[in-house]
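To start, the structure under review is shown below, and the notes come after it.
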Amino acid sequence: MAQRYNIKETENKWRRKWDEANVFEVSEDTSKPKYYVLEMFPYPSGRIHVGHVRNYTLGDVVARYRTAKGFNVLHPMGWDAFGLPAENAAIERGQHPDKWTHENIKSMKKQLLSMGLSIDWSREFATCDAEYYEHEQRMFLKFLERGIAYRKESVVNWDPVDNTVLANEQVIDGKGWRTNAPVERRKLNQWFLKITDYADELLDDLKGLDRWPDKVRIMQENWINRSVGLQFKWDVVGTDHKIEAFTTRPDTLFGASFLALAPDHPMAKVLAEGKDGFDAFIKECQAHGTSEAAIEKAEKIGFDTGYKATHPLLGREVPIYIANFILMDYGTGAIFGCPGHDQRDWDFATKYGLPILPVVVPEDVEGFSVEEEAYTGEGKLANSEFLNGMDIENAKAEIIKRCEEIGYGFGTVQYRLRDWGVSRQRYWGCPIPVIYCEDCGCVPVPEDQLPVKLPEDVSFDKPSNPLEHHPTWKNCSCPKCGKDARRETDTFDTFFESSWYQFRYTDAKNPDLPVDKEKAAYWTTSTSDKNYNGVDQYIGGVEHAVLHLLYARFFTKIMRDCGFIEGVDEPFNGLFTQGMVTHETYQDSKGKWIFPTEAVKGGDGKWTHRETGESVTVGPIIKMSKSKKNVIDPEEILNTYGADAARLFILSDSPPERDLEWTESGIEGAWRFVNKVYASFMDMDLSGSLTDIDESALSDGAKDLRRATHKTIKGIGEAIEAFAMNKAVAFIREFYNAINAFKPAGDADKSALDEAARAFVVLINPICPHLAEELWEALGHKTMLVNEDWPSYDESLLVSDTITIGVQVNGKLRATITLPADADEKAAKEVALAEEKVQRAMDGKALRKFIYVPGRIVNVVAA
RNA sequence: GCGCCUGUGGCGGAAUGGUAGACGCUGCGGACUUAAAAUCCGUUGACCGUAGGUCGUGGGGGUUCAAGUCCCCCCAGGCGCACCA
């Protein structure tokens, strides 16, 4: 009888051996192609969650597979260690953020280690350590010098709960992305990075990122939202004022019937000041909420300033309104309304009785009118003087040309993307290395005084930034004139750290530079892969589609332009976004959420509470969350079932890009498989097997096994490369079933079994590395499997001598026939038509057509 | 409103235009056991049935010898953007 697999002991043994042999430590090696696989690094919250397990398992499969395929694989790990939870912990528990963070890192690292990941831990770093963030400060000084970083007073999104500023990307539906609190608007002096200067490049380069999900590219495209149009001036009649308006439809200029300003447009105040009802109007605009629903329902309202503006080409006058649906922070904050061809303008004009003139008329439409709604489709220009008869594209070009000629306007491009505000009024972040001097103004900290370290002795007893009320830290002397000065107390947005960490890993301990150019180039540019290079495979959650992934792309470009790296335009050549992990929810009789471990299913299918015995309601399967308590603890899973079973289950069933439902039966099934495989291998008798396979001496069953072996080698390789890990697992199980069912008829057959067993172990290694090592050793190998090459498959062994294919009659399957693999149409026809079922289905009708696709199908067309 | 994605057994999901449901989970039957657990073997799309059929990939059309797969229209769910001129 087979011995039982001691999972814990065995898994520990192999992790220790890998560690002792330093097998995952890599360096630049030009004799091999490189492969850089990276998973999004974790925030050190203290415990890993199942999402981490999924993320890092996926990465590890790729890393181990590529290693076996002969690549020099970089697979590093570190900690995204700055951020608010550390400060909250300090406030709630009085524990210093630095201590809290490093303790969390320690416990999380222990958990990650127990997963058996093939990580080069020698490159580990935490972004909260000065050894990391000092380089960020150095780069920032360069950005300042280059004009990429600048300071200006601006209205910012203020999160009243976190007491800090948020970037536009961090405001969702007018609420803070973390706190969900309504964002306030405040005026503050803030540091910005000129991401808008890179808007075009960020947009254009998306096209080449063909190993990114379309979804993410589209989201970034939407976010940048480039629009081409005309910006031009209108004179305000009877004044010297001019109003600049922006439009993407300059072709509809002759259909203009009003001008509209944003309520907070500087000219709005000037034109409406003191007029009856203006204050009330502004109040009404502000009264509307910022939620989706409010915007959806909000009626378009306007305030007539009484002023008119002169149409730059017609000389005609149109009224100037202030309107609630015009946004100050897009374009120029002023538009002209063309009700005929814009639904918003149509709504507004209808309400205020303004003329609606069609200027674009579709061809071949009887009784065309714009009385019911605006027309936004294609057509020819009408009522538009010199534009009449042109199509929209030509009319746009023509009118931009005319406006430029008369000096009233110019063709231009607008973006929704705003510059990235990077100042945060927090302690636990990278200090911004500048000093304010009364005489010299804002002075960069000289390079030799870097890093500007965070002070350790801080208190969190007052709200807002501890750096601000630290007794001494902010006091310093001006580097220029030596007078008393004060430090910048804001710190960087924590997305700063995660914007360049992918490069730091390539030279993680460099004390002088963010990264050595040569080393960065080896790991990020030396493949023959086209496009922009960067990390070969990046893996993480889709929630970072805009924020992190856009900032990291931008940062890569400015690091390149500032000479910190060379030959890389994009940080991540391949991106894979994994789905969420979900679980059933459970509520007790009082409606309180309870943990899955507290709910038990009885034999009658009814759920009860493990302790109280009262009945439990099973709720929907949703994303694991602490509030719904539908979470499972990876540490418990790893302890109970082992890393291999956890990894196997998390890769089974669901394709990685989709959500995965975590189930007890699923993890148990995986665990059973691990044990079953072990037992089978322990029972396997390979004594007498030959080194060379004597093809002629093999039984039919052995030939089938060899075919299964080579098909599986091909299938798993292709599945992993396509990120179809669920299929790779299915192939593994199918192959196992074939091996387990095989009974060798003699020594020759044993050599086929030996081949299958060896292949199986290497193939399962990326998924269940501990088990694979143990079996490899059991097969008598003295070397570690981790260094073993991926097997190659023999194309000629993939096909069998005979094949079974379906026979259709008029498209319906009626029979299956077995033919020699190389049978020609004549032979196929003979066998197919001889089938009784085929004859019956033909029902005496004449054969009209005979279709034979070798190896695939026979279709008999009868009528 | 616009854009993208998804829809296949009781469930998760397979399927270069070519035998739909691989692989697994669950269920059912059996073996082993004093009994249970574990394990192993068989079975598991629906309907009629003795053989053998009929139906079946969200719905409706179409292309094709052949459609889950391609095209058109619609329905449902999810995600993203959202008064961006």
Side-chain angles (χ1 to χ4, degrees), chain A residues 1-2 4 173 213-223 225-227 229-230 245-250 252 260 262 288 292 295-296 298-300 323-327 329-338 341-345 347-348 414-417 542-543 545-546 605 621 648-649 652-655 657-661 663-670 672-673 675-676 679 715 724 726-737 803-817 837 840-841 848-863:
Chain A
M1 197 45 214
R4 219 176 149 71
D173 291 338
D214 287 341
K215 185 170 57 164
V216 175
R217 289 192 290 182
I218 289 164
M219 283 166 74
Q220 294 211 355
E221 236 176 81
N222 285 343
W223 189 261
N225 193 25
R226 179 181 198 265
S227 41
L230 170 70
F246 173 75
T247 180
T248 55
R249 289 295 303 272
T252 65
H288 289 290
E292 300 170 52
I295 289 168
E296 186 84 20
E299 207 184 331
K300 292 183 176 44
N324 66 337
F325 67 101
I326 309 303
L327 307 172
D329 49 0
Y330 188 80
T332 60
I335 61 131
F336 75 81
C338 177
H341 305 284
D342 184 296
Q343 194 55 42
R344 294 158 303 181
D345 298 345
D347 294 343
F348 191 81
Q414 289 285 341
Y415 302 91
R416 189 178 80 139
L417 183 70
V542 74
E543 64 273 19
V546 179
I621 300 156
L648 178 67
F649 170 58
S652 311
D653 298 346
S654 291
E657 68 276 14
R658 284 202 217 164
D659 287 353
L660 167 80
E661 189 196 345
T663 60
E664 289 306 301
S665 54
I667 178 70
E668 271 173 19
R672 271 201 304 272
F673 183 74
N675 284 294
K676 230 162 42 175
N726 55 324
K727 273 158 73 180
V729 172
F731 281 129
I732 279 285
R733 299 188 99 120
E734 211 171 351
F735 188 32
Y736 166 78
N737 291 341
I803 45 157
T804 303
I805 61 170
V807 181
Q808 299 177 334
V809 177
N810 291 333
K812 271 192 182 168
L813 185 75
R814 295 298 174 180
T816 54
I817 54 172
K837 287 177 186 173
R840 207 186 316 141
R848 274 288 176 79
K849 200 170 175 185
F850 185 84
I851 290 151
Y852 172 54
V853 184
R856 295 265 172 229
I857 199 86
V858 166
N859 193 3
V860 178
V861 184

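Per chain, numbering begins at 1; letters A, B, ... match sequence-line order.
Look at the C1' atom in both B/rA67 and B/rC72: the space between them is 15 Å, to the nearest Å. Annotation: B/rG58 and B/rG9 have their C1' atoms spaced 15 Å apart (nearest Å). To the nearest whole angstrom, the two P atoms, one in B/rU8 and one in B/rU57, are 11 Å apart. Rounded to whole Å, the separation between the P atoms of B/rC28 and B/rA76 comes to 37 Å. For B/rA66 and B/rC11, the P atoms lie 31 Å apart once the distance is rounded to whole Å.
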Just by protein heavy atoms under 4.0 Å, how would nucleotides 9-27 of chain B read 5' to 3' in B, S and -? ---BSSSB-BBS-BSSSS-
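Rounded to whole Å, atom C1' of B/rA66 lies 17 Å from atom OH of A/Tyr852. Atom NZ in A/Lys215 sits about 9 Å away from atom C1' in B/rG80, given to the nearest Å. B/rA82 atom C1' lies 12 Å from atom NZ of A/Lys300, rounded to whole Å. What separates CZ of A/Phe850 from P of B/rA66 is a distance of 16 Å, to the nearest Å. The distance from atom CZ of A/Phe348 to atom C1' of B/rC83 is 12 Å, rounded to the nearest whole Å. If you measure from atom CZ of A/Arg848 to atom P of B/rC65, you get 13 Å, rounded to the nearest angstrom. One interatomic measurement links the two molecules: CD1 of A/Ile218 to P of B/rG78, which rounds to 20 Å at whole-angstrom precision.
Candidate nucleotides B/rA85, B/rC83, B/rC55 were compared by shortest atom distance to the side chain of A/Lys812, and B/rC55 ranks first. Closest approach to the A/Met219 side chain among B/rC81, B/rG53, B/rG80 is made by B/rG80 (side chain taken as heavy atoms from C-beta onward).
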Report the C-alpha separation of A/Ile851 and A/Val858 in whole Å, then their side-chain angles, then the decisive distance to 0.1 Å, and conclude whether the side chain to side chain contact (heavy atoms under 4.5 Å, CB included) test is met. CA-CA 6 Å; A/Ile851 290 151; A/Val858 166; over 6 Å; no
Stepwise side chain to side chain contact (heavy atoms under 4.5 Å, CB included) check, A/Asn726 with A/Asp653: CA-CA 5 Å; A/Asn726 55 324; A/Asp653 298 346; 5.7 Å; no
Verify side chain to side chain contact (heavy atoms under 4.5 Å, CB included) between A/Phe325 and A/Asp347, making sure each step is shown before the conclusion. CA-CA 11 Å; A/Phe325 67 101; A/Asp347 294 343; over 6 Å; no
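Of all nucleotides present, only B/rC2 satisfies the Watson-Crick or G-U wobble test against B/rG80, with each distance under 3.5 Å. Both distances falling under 3.5 Å, in either a Watson-Crick or a G-U wobble arrangement, occur for no nucleotide opposite B/rA66. The partner of B/rC40, taking Watson-Crick or G-U wobble pairs whose two distances both stay under 3.5 Å, is B/rG30. Nucleotide B/rA20: unpaired (no Watson-Crick or G-U wobble partner with both distances less than 3.5 Å). With both pairing distances under 3.5 Å, B/rU50 is matched to nothing as a Watson-Crick or G-U wobble pair. Under the Watson-Crick and G-U wobble criteria, each requiring two contacts below 3.5 Å, nucleotide B/rG9 is left unpaired.
Against the 90° criterion about 0, the sugar-base torsion of B/rG9 places it in the syn range.
The aromatic rings of A/Tyr736 and A/Phe673 sit perpendicular to each other, their planes meeting at more than 60°, with 30° as the lower class boundary.
The 5' end of RNA chain B is approached more closely, in terms of each residue's nearest nucleotide, by A/Asp214 than by the other of A/Asp214 and A/Tyr330.
In this structure, A/Lys300 fails the cation-pi test against A/Phe348, since its NZ or CZ atom is not both closer than 6.0 Å to the six-membered ring centre and inside 45 degrees of the ring normal.
Partner of A/Val807 under the side chain to side chain contact (heavy atoms under 4.5 Å, CB included) criterion, chosen from A/Leu813, A/Val860, A/Asn859, A/Ile857: A/Val860.
A/Arg840 comes within 4.0 angstrom of sugar-phosphate atoms only, judged by non-hydrogen atoms across all strands, and of no base. A/Arg814 comes within contact range of the sugar-phosphate backbone alone, with a heavy-atom separation under 4.0 Å but no base atom that close.
Taking CG from A/Asp342 and OG1 from A/Thr247, the interatomic distance works out to 8.5 Å, rounded to the nearest 0.5 Å. Atom CD of A/Glu221 is separated from atom CD1 of A/Ile218 by 7.0 Å, given to the nearest 0.5 angstrom.
A/Thr816 is not listed as a side-chain neighbour of A/Ile805, based on a closest heavy-atom distance of 4.5 Å or more.
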